[in-house]
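The block underneath contains the structure these notes are about, expressed in structure tokens.
A quick note: this is a predicted structure, and the numbers were derived from the prediction, not measured. Per chain, numbering begins at 1; letters A, B, ... match sequence-line order.
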2 protein chains.
Amino acid sequence: MRREGALADLGSWQPTRCSLALAMDVIGTKSAFLLLREAIYGTTRFDDFVRRVGITEAVAAGRLKELVEAGILAKQPYREPGQRTRSEYVLTEKGEALFPAMLALIQWGDEYLQPDGGPVEFVADETEAEVRVDVRTDQGDRVGLDGLRLRRR
Amino acid sequence: MRREGALADLGSWQPTRCSLALAMDVIGTKSAFLLLREAIYGTTRFDDFVRRVGITEAVAAGRLKELVEAGILAKQPYREPGQRTRSEYVLTEKGEALFPAMLALIQWGDEYLQPDGGPVEFVADETEAEVRVDVRTDQGDRVGLDGLRLRRR
DNA sequence: CCGTATCCACAACGATACTG
DNA sequence: CAGTATCGTTGTGGATACGG
């Protein structure tokens, strides 16, 4: 694979326009990633985020506020019958769209950082089929880094 | 989707065993992500990493060393005919395995953070077909966060 | 249950200068 | 080309205490 040549062909590269750099400006901290993992796992309550992620309330409050401002989480008041009003943080569509990225990182960790694979996996609700993330062409063929090149849009 | 219930069913949760937390301990900085993006784009030389990522030499040197120690990059001396010996940083198999995660983040940024989509895209070398990353069951059906649940391994 | 307020430690990063 | 050295600033996060 001659990706370097392919990149050079693209000419001058604008780091500020890179989508990954923009993404990391929004979610580029460990705590943000772990909060998002929890949100994907279904956690919605402040207290659960704090306990399950293992961060302090101050950090959780700050990060959650940033994620809400970024439109990734929505903070909604709700009231169970007979209870007082509480807050919950739920993923927006923008937030749910991060699921492939999160799952890809979890999968990578399962495979290369865990001695015996990861502790949990996602399965389809009915069929129990395990779900995985991978890279495919629009024809549906799975592809790796070899055999790819960059194209300017 | 009742993921919260599904998670609660899993009982006590060990944050330290989470693959995402382990992954973030290794690549959990903005500069690490951007260096990996460059490596995936085909960059191999110190100087190019510094210029294209837009970080200082000190940061690049430190991060690259960590990525080498983590087994994600390999530092190799090489010599072009008639030139002096240089160093290059190439992705190991472990490093290449991060491609789906990186592409997923880039895709997310393209879609939600860029006004007109991202500046570049990956295409298959021969067919020119655009490649994308998504989540599927092992039967090949694309699935979203709804309709999934967690299962303990 | 859902946070805020302070203080502190350290990690991450930029700027600059310098070396083989 | 491929780094190292030093300095200063900001970001990130832990600990603790406190309030609606």
- Please check the phosphate of C:dC13 (OP1 and OP2 only) for any side-chain N or O of B:Arg63 closer than 4.0 Å. yes

- Strictly below 4.0 Å, heavy-atom distances to any atom of DNA chain C: list the hits from residues 25-36 of chain A, or just say none. none

- Query: Can you list the residues that meet the side-chain contact (heavy atoms from CB on, under 4.5 Å) rule with A:Ser87, with sequence neighbours excluded?
  - Reply: A:Lys75

- Return yes if some donor-acceptor pair links the side-chain N/O of B:Gln107 with the main-chain N/O of B:Val133 below 3.5 Å, else return no. yes

- Item | Sequence-distant partners of B:Thr137, side-chain contact (heavy atoms from CB on, under 4.5 Å), two or more places apart | A:Ala124, A:Ala129, A:Val131, B:Gln139, B:Asp141, B:Val143

- Query: Residues two or more places apart in sequence or in another chain: which of them pass side-chain hydrogen bond (donor to acceptor under 3.5 Å, both in side chains) with B:Asp47?
  - Reply: none

- To the nearest angstrom, how far is A:Arg45 atom CZ from C:dC2 atom C1'? 11 Å

- Rounded interatomic separation in angstrom, taking CZ from A:Arg52 and P from C:dC2: 12 Å

- Message: Which residues pass the side-chain contact (heavy atoms from CB on, under 4.5 Å) test with A:Ala74, not counting sequence neighbours?
- Response: A:Gln76, A:Val90, A:Thr92

- With sequence neighbours left out, what residues match B:Arg79 under side-chain hydrogen bond (donor to acceptor under 3.5 Å, both in side chains)? B:Thr85

- Among C:dC2, D:dG14, D:dC1, which is the nearest nucleotide to the side chain of A:Thr56? D:dG14

- Message: Holding to side-chain contact (heavy atoms from CB on, under 4.5 Å), I want the full list of residues that pass it with A:Glu69, two or more places apart in sequence or in another chain.
- Response: A:Lys65

- Take atom CE of B:Met24 and atom P of C:dA12, then tell me their distance rounded to the nearest Å. 11 Å

- Base-pair map of DNA chain D as dot-bracket, where | denotes pairing with a different strand and pairs are Watson-Crick or G-U under 3.5 Å: ||||||||||||||||||.|

Pairs under 3.5 Å (N/O, protein and nucleotides 3-8 of chain D):
from: D:dG3; atom 1: OP1; to: B:Lys75; atom 2: NZ; distance (Å): 2.8
from: D:dG3; atom 1: OP2; to: B:Tyr89; atom 2: OH; distance (Å): 2.8

- Item | Any residue meeting ring-ring contact (aromatic ring centres under 6.0 Å, His included) with B:Phe46, in chain and number order, not counting sequence neighbours | none

- Residues in side-chain hydrogen bond (donor to acceptor under 3.5 Å, both in side chains) with B:Lys94, at least two apart? none

- Item | Contacts of B:Tyr89 that satisfy ring-ring contact (aromatic ring centres under 6.0 Å, His included) - sequence neighbours left out | none

- Any idea how A:Tyr41 and A:Phe122 line up, ring-wise: parallel (<30°), tilted (30 to 60°), or perpendicular (>60°)? tilted

- May I have the distance from A:Arg86 (atom CZ) to C:dG3 (atom P), rounded to whole angstrom? 12 Å

- Query: Starting at CD1 of A:Ile55 and ending at P of D:dT12, how long is that distance when rounded to a whole Å?
  - Reply: 13 Å

